[in-house]
Protein chains: 2
Amino acid sequence: MSELKGACIIGQSGGPTSVINASAYGVIDAALKNPNITNVYGAEHGIVGVLNDRLFDMGQEDPAELELLKYTPSSALGSCRYKIADPDVDDTDYKRILEVFKKHDVRYFFYNGGNDSMDTCNKISKYMQKVGYECRVMGVPKTIDNDLFGTDHCPGFASAAKYIATSCMEVYQDARVYDKGMVCIIEIMGRHAGWLAGAAALASAYGAGPDLVYLPEVDFDMDKFLADVDRIYKEKNNVMVAVSEGIHYADGSFVSEAKTSATDGFGHAQLGGLAAMLAEVVKEKTGAKVRGIELSLLQRCGAHLASETDIEESYMSGKAAVENATAGLTDKMVGFERTYVDGKYVCKTKLFNLTDVANTEKKVPLEWITPDHSNVTKDFVDYALPLIQGEPNLPKQDSLPRFAKLKKVLAK
Amino acid sequence: MSELKGACIIGQSGGPTSVINASAYGVIDAALKNPNITNVYGAEHGIVGVLNDRLFDMGQEDPAELELLKYTPSSALGSCRYKIADPDVDDTDYKRILEVFKKHDVRYFFYNGGNDSMDTCNKISKYMQKVGYECRVMGVPKTIDNDLFGTDHCPGFASAAKYIATSCMEVYQDARVYDKGMVCIIEIMGRHAGWLAGAAALASAYGAGPDLVYLPEVDFDMDKFLADVDRIYKEKNNVMVAVSEGIHYADGSFVSEAKTSATDGFGHAQLGGLAAMLAEVVKEKTGAKVRGIELSLLQRCGAHLASETDIEESYMSGKAAVENATAGLTDKMVGFERTYVDGKYVCKTKLFNLTDVANTEKKVPLEWITPDHSNVTKDFVDYALPLIQGEPNLPKQDSLPRFAKLKKVLAK
């Protein structure tokens, strides 16, 4: 394909991860070095920053600070949850984006996000093609939820998984320390896919994790759950449970939002979320001492427990986006393909069509969930374990994290 | 003083910490090497294990596994919350303890815990003296709450403080990522003393921590709190708040348990604890997007973020207990004294009388709390910062923690 010279924009969107900035750094680093890219702009708050013409000139940043992005959690450029309209219904945003692209001679657009973000950049790309403005568009994936179509796994998942597994192993030690038994329920992110809750089973594989794991891929049955807990409590005196926030009853209603007979009297104000609610139900039914723990934001920003594999792969996906776009490709998302060489995990980038990826969710295969729906199988553990390997050499200042400090100079 | 030969018992009590096992290892390691100590026993679940004659023979453990105790969170021997009676009221337990001590020729008793545990070993010591059974008793401190009398600080505090500060710095990145603002409230342990909540200010000292910190040393005023949050929200669009679980109103009632007009409608079932409740109050009053995060057990078992200084000092306190007891001392707790040599923090052990330590709480000095009661001062930060220094070389297996595996062979 023809050579295309011009500026590029990198934007970040959706819920952040521990390593989304490593992907952004992959884009920025490769773009700053690429002779076809004249300027590298970071959009403030994703597409919202494009609409507002709030673009940071990444060339003015200190290279050492940019490199710290590899170890800086959350979206350093700022994120958004802006849902762009269907261009056939309302093309106002698209006209404005075109205007900003033209103003800065933007010929490359890299968007770093999950399902919705892939949909956004797909729509923008199609619009630019329709109006005849040449701009190559690449999706750079991120999501702790690990639910993007096609790719073997998503940047961000492994670091969250490592945080979850490590935390479970530690809480396991703590939650069985007394002479009296206890039931401990850990609530893990994942509204529709159970990859993260399943990661708690990594802890169990090393002898210190949940006895029970419930995923949203199958229906949740409160009576079955209580019977599971009761059985293990009687057998071992201590029970650890991992639940996905998205577990739901057979009718599709979320357990976190439902009023059951068991939750009557407190189901009306689920301030503490699912773990607190289930802990209360277990306490009422079994009389056991209980504790509900919600890993909340900690699991998606716990960069101090990031997987070095995840950081390297995230960087690689950003870099590959630039290389493929400048080589002439467009409308792709950079995903991953896994192979094993002499039994050793190897990950390579692979391109997927944005059209295929946009708004499709990849769930945990049902065959990786145990027949009684209360755990994941060894296949799940074998899948996840290579991804969490490696300890990053974390930059610190006085034993606390040293995150990137960007100047964020606005482009004129 | 006279030489005393015999066995020793080490017991652990109260809420565990990330480094209580480092203290226990200090005792066990020093005792196994000491010629005056004939056997080293670990009591299962603290004093409950003594009462039940459930003593593990630590000499039968693999030395390499014992050393892993330095990096293994929670109480490896098991803990208890057993409150021993006043011997003048009921001496049943004491007679039983004497019986077990005599059976195993126990002449040294090391008890690893907080305020209540120091009271327990003080009572046992006084009883043994009264009945003329020679047994030297040493308290080995631990508490994330940092509230033991006399000592500069307590083993366990620094690692929890480091966990809290690091987590706050990470959540700070995440909780301000969107184009819409947010109020994030982090609930931190500490029922009566605010040392741990204060540690969140370490994050602020490095530019990424709470704007507001509320401690239980002063009365909490809900209206003042809401005005504080509202002011910063209007100014910065994002607010981070750290609260001690023990904050209370002027009448002494805990905020977490109180029903105020602002909490009506949900104050009746505080499943999610204080952070969730305050988040709801802020949401109602300001309309801001809010999130409450409870650090829960994670903060006291997060050994992967332990302070190497804390680990070394914990080990040192256990070792010093053995050295001082075999040298003839009894009825002491091994605490710490801080000095600065050429501006560099230096910590030495110092003995305190158990009678003075038992049941006394040390709180954050009022002069370390800002006049408007919404933060801690630089003096607090200067006090805490040296304690969290140093990164332990954590033993790992497949990038997950490798904790000590003890055989726990019961003594005959």
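All chains are named by letter (A, B, ...) in the order of the sequence lines, taking the proteins before the strands, and each is independently numbered beginning at 1.
- Considering only heavy-atom pairs separated by less than 4.5 Å from chain A, the leading option among B:Gly207, B:Pro386, B:Ala303 is B:Ala303.
- Rounded to the nearest 0.5 angstrom, B:His304 NE2 and A:His304 NE2 are separated by 2.5 Å.
- Atoms NZ and OH, from B:Lys180 and A:Tyr82 in turn, are 9.5 Å apart once rounded to the nearest 0.5 Å.
- Other residues, nucleotides and ligands place no more than 12 heavy atoms under 6.0 Å from the NZ atom of A:Lys283.
- The line from OH of A:Tyr206 to CZ of B:Arg402 is 11.5 Å long, rounded to the nearest 0.5 Å.
- The two atoms that bring B:Leu400 and A:Leu202 nearest to each other are CD1-O, 3.9 Å, heavy atoms only.
- Contact annotation for A:Leu394: neither backbone nor side-chain heavy atoms come within less than 4.5 Å of a heavy atom of chain B.
- Put simply, the side chain of B:Glu294 never gets that close to the backbone of A:Ile293: no donor and acceptor are under 3.5 Å apart.
- Looking at every heavy atom in both residues, A:Leu298 comes nearest to B:Ser167 through CD2-CB, 3.9 Å.
- In this structure, chain A has heavy atoms under 4.5 Å from both the backbone and the side chain of B:Gln397.
- Interface residue A:Lys396: only side-chain heavy atoms are found under 4.5 Å from chain B.
- Between chain B and the options A:Arg291, A:Gln12, A:Glu170, heavy-atom pairs under 4.5 Å are most frequent for A:Glu170.
- Between the side chains of B:Thr72 and A:Gln173, no donor-acceptor pair is found at a separation under 3.5 Å.
- In terms of heavy-atom proximity, A:Asp174 sits nearest to B:Ser74 at CA-OG, 3.3 Å.
- Atom CG in B:Leu295 sits 11.0 Å away from atom CG in A:Leu295 (nearest 0.5 Å).
- In this structure, no portion of B:Tyr172 lies under 4.5 Å from any heavy atom of chain A.
- When each of B:Gly302, B:Ser18, B:Ala165 is checked for heavy-atom pairs under 4.5 Å with chain A, B:Gly302 comes out on top.
- B:Ile388 and A:Ser399 get closest at one heavy-atom pair: O-CB, 3.5 Å.
- Minimum heavy-atom separation, B:Tyr178 to A:Arg81: OH-NH2, 2.8 Å.
- Among B:Asp398, B:Val171, B:Leu77, B:Val48, the residue with the largest count of heavy-atom pairs under 4.5 Å with chain A is B:Asp398.
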